[in-house]
Amino acid sequence: MKITEKSGRESNHDYALRVIKENIENLELKPGSMISEQEIASNLSISRTPVHEALQELAKTRIVEILPQRGSLVSLIDMKLVDEACFIRANIESAVTEEVCEKAGPKDIDALEENIVLQEFYFKKQNYGKFMEFDNAFHRAMYQISDKMLCYYTVQLMNIHHNRFRTLSLQSSNANRIIKEHRSILEAIRKKDVKKTREEFLHHINRTHIDVAEVQAKYPSYFK
C-alpha cells in the first residue's frame with residue numbers, strides 16, 4: 001500500500017478516505033483483497049475510527065464490502081457499476097467540457113497543451129503511474145476552467161469504479177490512443193466548436209466498452 005503525506009488541511013477522516021481510495025484505484029489494494037483497519041491506521045499514524053468511517057463511506061459506493069466479524073473486502077470489479085460511473089461522468093463532464101469551449105482563455109489552452117506533452121513524455125518512459133496522474137489532471141482542469149469543482153468532487157466518489165478499470169486498461173492497451181483522444185478534445189476546444197468537443201469527449205469516455213473483453217481476458221480474477 002502506498003502512503004502519501006497528509007496535507008495541512010485534511011482531517012484524519014479525509015486523509016484515510018483519500019489514501020484508501022487512491023490505493024484501490026491504482027490497484028495497490030487489489031480486487032478481492034482484505035483490508036485491515038488496524039494496519040492502515042498504523043501506516044497513517046492515526047486512530048482506527050477515521051479509517052473505519054472512511055471504509056463505511058466507501059461501502060456506500062459498493063467499492064468496499066463490510067463483512068461482519070471478518071473485516072472489509074475490496075470489491076471485485078462489477079462492469080454494471082463501471083457502466084453507471086461512465087454514465088454519470090459522460091453526462092456531467094460532457095456538459096462541463098462544452099462550457100470550457102466558451103470560457104477557456106489562451107492560458108488555459110496552453111496549460112492543457114502542456115499537460116498533453118507531459119502525458120506523451122511519461123507514456124514514452126512507460127511510467128504509467130505518472131501518465132495516469134496527468135490523464136486525471138487533464139479532466140480535472142475541465143472542471144476548474146468551467147468553475148464546476150463541486151461537480152468534480154461529486155463525480156469522483158462514484159468514478160472510483162471506472163478508474164480501476166482505466167488502470168487495468170492502461171496496462172493492457174496502447175495509452176497512445178488516450179493521448180490522441182485528449183488532443184482531439186483540445187483541438188475542438190481551441191476552435192470553440194461545442195458540438196465537436198462533445199462528440200470527441202463522448203467518444204473518449206465510451207472507449208471503455210471497446211476494451212472490456214481484452215481487459216477481462218487478461219485479469220479474469222479481478223472481475224465479478
If you compare all heavy atoms of [X] against all heavy atoms of [Y], which two are closest, and at what distance to 0.1 Å?
| X | Y | value |
| --- | --- | --- |
| Thr61 | His161 | O-NE2, 2.7 Å |
| Ala16 | Pro50 | CB-O, 3.9 Å |
| Glu5 | Tyr15 | C-CE1, 3.8 Å |
| Leu76 | Arg164 | O-NH2, 3.4 Å |
| Ile66 | Leu55 | CD1-O, 4.1 Å |
| Arg166 | Asp135 | NH2-OD2, 2.9 Å |

May I ask you to say whether [X] pairs ionically with [Y], meaning some side-chain N is under 4.0 Å from a carboxylate O?
| X | Y | answer |
| --- | --- | --- |
| Arg177 | Glu181 | no |
| Arg183 | Glu113 | yes |
| Asp14 | Lys6 | no |
| Glu22 | Lys2 | no |
| Lys192 | Glu102 | no |
| Glu187 | Arg190 | yes |

Task: Check against side-chain contact (heavy atoms from CB on, under 4.5 Å), Gln38 and Val51 - done: CA-CA 8 Å; Gln38 184 57 58; Val51 175; over 6 Å; no
Mind checking the [atom1]-[atom2] spacing from [X] to [Y]? Nearest 0.5 Å is all I need.
| X | Y | atom1 | atom2 | value |
| --- | --- | --- | --- | --- |
| Ile63 | Leu58 | CD1 | CG | 8.0 Å |
| Asn91 | Cys86 | CG | SG | 11.0 Å |
| Thr154 | Ile92 | OG1 | CD1 | 7.0 Å |
| Ile179 | Leu186 | CD1 | CG | 13.0 Å |
| Leu73 | Ser75 | CG | OG | 6.0 Å |
| Ile24 | Lys30 | CD1 | NZ | 13.0 Å |

Open item on the list: Using side-chain contact (heavy atoms from CB on, under 4.5 Å), reason through Ile145 and Val96 one step at a time and then give a plain yes or no.
Closed with: CA-CA 9 Å; Ile145 294 168; Val96 165; over 6 Å; no
Task: From Arg198, Lys196, His204, residue fulfilling side chain to side chain donor-acceptor pair (under 3.5 Å) relative to Glu200 - done: Lys196
[atom1] ([X]) with more than 12 external heavy atoms under 6.0 Å:
| X | atom1 | answer |
| --- | --- | --- |
| Lys103 | NZ | yes |
| Leu150 | CG | no |
| Glu114 | CD | no |

TODO: Apply the test side-chain contact (heavy atoms from CB on, under 4.5 Å) to residues Lys224 and Met79: give CA-CA distance (whole Å), side-chain angles for both, the deciding distance (0.1 Å), then the verdict.
DONE: CA-CA 8 Å; Lys224 187 173 181 180; Met79 286 308 301; over 6 Å; no
Determine whether [X] and [Y] make a side-chain contact, defined as any pair of heavy atoms from C-beta on separated by less than 4.5 Å.
| X | Y | value |
| --- | --- | --- |
| Lys148 | Met142 | no |
| Tyr219 | Val215 | yes |
| Arg89 | Ile205 | yes |
| Phe123 | Gln119 | no |
| Met132 | Glu25 | no |
| Ile20 | Leu17 | no |
| Met1 | Val19 | yes |
| Tyr222 | Phe165 | no |

For the side chain of [X] and the backbone of [Y], is there at least one donor-acceptor N/O pair under 3.5 Å apart?
| X | Y | value |
| --- | --- | --- |
| Gln216 | Ala213 | no |
| Ser33 | Leu29 | no |
| Thr167 | Asn163 | yes |

Open item on the list: Walk me through whether Tyr143 and Tyr152 qualify under ring pair (Phe, Tyr, Trp, His ring centres under 6.0 Å).
Closed with: CA-CA 6 Å; Tyr143 291 89; Tyr152 172 79; 5.3 Å; yes
Would you say [X] and [Y] are hydrophobically clustered, going by side-chain heavy atoms of ILVMFWY under 4.5 Å?
| X | Y | answer |
| --- | --- | --- |
| Tyr153 | Val155 | yes |
| Val74 | Leu168 | no |
| Ile40 | Met34 | no |
| Leu112 | Phe121 | yes |
| Ile189 | Val117 | no |

Open item on the list: For Thr4 and Arg18, which I'm curious about, is there any donor-acceptor pair between the side chains at under 3.5 Å?
Closed with: yes
Open item on the list: Under a 3.5 Å cutoff, is there a donor and acceptor pairing between the side chains of Arg140 and Asn115?
Closed with: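 No, no side-chain donor-acceptor contact under 3.5 Å.
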Task: Test log, rule side-chain contact (heavy atoms from CB on, under 4.5 Å), inputs Val82 and Asp78 - done: CA-CA 6 Å; Val82 174; Asp78 184 339; over 6 Å; no
TODO: Report the relative orientation of the aromatic rings in His139 and His182; use parallel for angles under 30°, tilted for 30 to 60°, perpendicular for over 60°.
DONE: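 Perpendicular.
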Task: Sole residue of Phe131, Phe138, Phe134 in side-chain contact (heavy atoms from CB on, under 4.5 Å) with Leu118 - done: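 Running side-chain contact (heavy atoms from CB on, under 4.5 Å) over Phe131, Phe138, Phe134 with Leu118 returns exactly one hit, Phe134.
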Task: Stepwise side-chain hydrogen bond (donor to acceptor under 3.5 Å, both in side chains) test for His13 and Glu53 - done: CA-CA 7 Å; His13 167 270; Glu53 292 173 347; 5.0 Å; no
Open item on the list: Please evaluate residues Glu93 and Thr97 with respect to the criterion side-chain hydrogen bond (donor to acceptor under 3.5 Å, both in side chains), reporting the C-alpha separation (whole Å), side-chain torsions for both, the decisive distance (0.1 Å), and the verdict.
Closed with: CA-CA 6 Å; Glu93 201 161 327; Thr97 306; 5.2 Å; no
